[in-house]
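These numbers were taken from a predicted model, which means no experiment stands behind them.
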Amino acid sequence: MEENRVPVHTWFFTFMCATIPVVGWIYLIYLAFSKKQDLRKEYARAFLLYKLAFLVVSLILLGILIYIGAGILDQVLAYVEML
């Protein structure tokens, strides 16, 4: 089990890079599809899936809010035209 051990500074660098907005995606994709078989590859795949799930949920919520906001905006514009 000792051969799978990753040093703390490597994990620190991985966490720091993974949380940077655009660079994090690129870094995680690089780690997830790298040839090396280490624990960071599995972590990168899991974290990419986590980020992708939240991206999809966020886009759905944004779409719903835009749809609701457009309806309210139409009502406000109709009211302003009435004045």
Side-chain angles (χ1 to χ4, degrees):
M1 191 69 173
E2 199 61 35
E3 67 275 352
N4 287 337
R5 188 177 163 135
V6 179
V8 173
H9 64 85
T10 304
W11 279 117
F12 179 77
F13 180 76
T14 302
F15 291 145
M16 293 300 292
C17 288
T19 56
I20 299 172
V22 175
V23 176
W25 282 92
I26 296 167
Y27 182 68
L28 287 172
I29 290 170
Y30 166 74
L31 281 180
F33 297 108
S34 67
K35 300 286 184 200
K36 267 201 299 192
Q37 291 292 333
D38 65 350
L39 296 174
R40 292 186 313 151
K41 182 176 183 174
E42 299 302 319
Y43 166 78
R45 288 181 176 178
F47 200 54
L48 270 174
L49 186 61
Y50 169 80
K51 287 179 96 169
L52 187 61
F54 273 91
L55 178 66
V56 168
V57 169
S58 298
L59 290 176
I60 290 171
L61 287 175
L62 180 64
I64 291 170
L65 290 175
I66 288 174
Y67 178 75
I68 291 170
I72 292 172
L73 184 62
D74 285 340
Q75 291 176 354
V76 168
L77 289 176
Y79 178 75
V80 170
E81 284 178 5
M82 240 177 31
L83 296 176

Extract all donor-acceptor atom pairs below 3.5 Å that involve side chains of residues 49-61 and protein atoms in other chains or at least two apart in sequence.
{"residue": "K51", "atom": "NZ", "partner": "A18", "partner atom": "O", "Å": "3.1"}
{"residue": "S58", "atom": "OG", "partner": "F54", "partner atom": "O", "Å": "2.7"}

N/O donor-acceptor pairs under 3.5 Å from side chains in residues 62-83, not counting sequence neighbours:
none

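H9 NE2 to T14 OG1: the interatomic distance, rounded to the nearest 0.5 Å, is 10.0 Å.
Under a cut-off of 6.0 angstrom, the local environment of CZ in F13 is sparse, with at most 12 non-hydrogen atoms contributed by other residues, nucleotides or ligands.
Closest approach of K41 and K36 over heavy atoms only: CD-O, 3.4 Å. The heavy-atom pair separating L48 from A32 by the smallest distance is CD1-CB, 3.8 Å.
Cluster membership for L28 and W11, using ILVMFWY side-chain heavy atoms within less than 4.5 angstrom, is shared. Under a hydrophobic clustering in which Ile, Leu, Val, Met, Phe, Trp and Tyr are joined whenever their side-chain heavy atoms come within less than 4.5 Å, directly or via other members, F15 and L39 fall into the same cluster.
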For this session: Would you check, one step at a time, whether the test side-chain contact (heavy atoms from CB on, under 4.5 Å) holds for L31 with Y43?
Result: CA-CA 9 Å; L31 281 180; Y43 166 78; 5.7 Å; no
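Each side chain to side chain donor-acceptor pair (under 3.5 Å) pair with one or both residues in residues 15-29, not counting sequence neighbours, appears once here: Y27-R40.
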